[in-house]
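One structure is given below, encoded as structure tokens.
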Amino acid sequence: MIEDTKDRPPATGERDPAAGGGGKRVNLPTWDDVWVGPLGHLAEERERLGAMEWAHFSVTPLAATVGAELDGIDLTAELSDDAIAEVRAALHAYKVIFFRDQPLTPEQHTAFAKRFGELEIHPFIPSNTGVPELVRFSKNAEIGGYENGWHHDVTWREVPSMGAILHAIDVPATGGDTLFADMYAAYDGLSPEVKERIDGLTAEHDFMRTFGGSLDDEQKAEMRKKYPLAHHPVVIRHHATGKKLLYVNRFFTNRIVELDDAESHELLGHLCDQAHTLEYQCRFRWEKDSVAFWDNRAVQHYASSDYWPDVRVMERASIIGIRPAA
Ligand code: SIN
């Protein structure tokens with residue numbers, strides 16, 4: 001496409017991919033922010049993942065660096081410590097892992113989740129009435145899906161969840177996919193100038209941006225007392241992998257505290273837009289009893305809201321993490 005310049009001005013601007021080879025990326029004439037060309041920095045991680053071996057399941061990757069389907073493991077059973085350790089390792093490697101045909105009861109769902117840590121009770125989303133740790137996303141003709149924006153879950157908490165396990169109870173005939181974006185790849189792909197600019201910056205996160213809309217003034221005041229504005233580094237280091245990742249999202253991040261409003265808005269926009277890079281994403285097509293387990297620091301997710309007025313019912317258990325740090 002970009003070779004065909006005879007009727008157009010030539011492509012302008014050139015830069016190396018942030019890391020790795022594969023040639024130059026170039027931006028399209030008249031569109032300063034539209035770049036084409038290889039994202040060479042993904043190669044190393046893709047190769048690393050391809051060389052990993054697994055004893056308790058087989059692995060089919062969904063995309064270059066993010067997402068894999070795990071087959072041959074039964075989440076309804078009580079798994080050995082070895083199997084759980086390997087699931088955790090796969091989660092850290094692939095950032096989000098998927099399982100098919102797992103008819104989990106609510107008790108089996110929470111029992112599996114508890115193998116990875118204490119479970120969170122969400123103060124704003126209704127739960128499965130029998131099991132308070134299971135958030136229930138129940139969509140139908142009366143209530144459509146509002147989770148169609150890129151986000152990490154609950155970054156408005158001082159200690160956001162480390163991961164979440166989502167079980168499909170009822171799925172629409174078409175649509176309702178969930179997409180995941182790799183925030184390590186997003187960080188690694190930033191230009192050296194932007195990396196330098198965001199080093200040491202802090203972001204303010206706020207539940208009010210989304211959940212505030214359904215609260216009256218009294219409830220807002222009460223919830224603000226319980227959940228003050230949370231501050232996390234813009235770039236955090238994953239506590240298990242030690243690698244740096246981008247940790248801001250449009251749902252919950254208000255601003256970058258060290259910058260004035262205009263600069264914060266411009267920089268946050270650029271950082272949040274990284275999740276839109278298709279090469280950093282995978283997309284999961286749900287079936288009844290599919291399960292997704294995502295690393296809530298390593299990925300942002302986006303639930304496609306294209307199925308209204310169809311029914312989509314999902315249940316999520318979230319595992320409490322540790323405070324994010326640079
Ligand atoms: C969520 O945003 O946690 C829900 C994801 C989904 O329903 O696919």
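The figures that follow rest on heavy atoms only: side chains count, while hydrogens, waters and symmetry mates do not. We count ligands from 1, going down the list as the structure has it; atoms in each ligand are counted the same way.
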NZ or CZ of K139 within 45° of Y307 ring axis and under 6.0 Å: no

Under 3.5 Å, which donor-acceptor pairs do the side chains of residues 65-72 form with other protein atoms, sequence neighbours left out?
from	atom 1	to	atom 2	distance (Å)
T65	OG1	D182	OD2	2.7
E69	OE2	R100	NE	3.4

CA sep, side-chain torsions, deciding dist, call: F252, H205, ring-ring contact (aromatic ring centres under 6.0 Å, His included): CA-CA 5 Å; F252 301 124; H205 298 252; 8.0 Å; no

Protein residues that have a heavy atom under 4.0 Å from any atom of ligand 1, sorted by chain and number: F137, E147, H151, D153, L166, T178, W294, H301, A303, R312, R316

Residues that, via side-chain heavy atoms closer than 4.5 angstrom, fall in one hydrophobic cluster with V311: I169, V313

Whether Y302 and W150 hold their rings parallel, tilted or perpendicular, with breakpoints at 30° and 60°: tilted

Salt bridge (Lys or Arg N to Asp or Glu O under 4.0 Å) contacts in which one or both residues fall within residues 52-61, not counting sequence neighbours: none

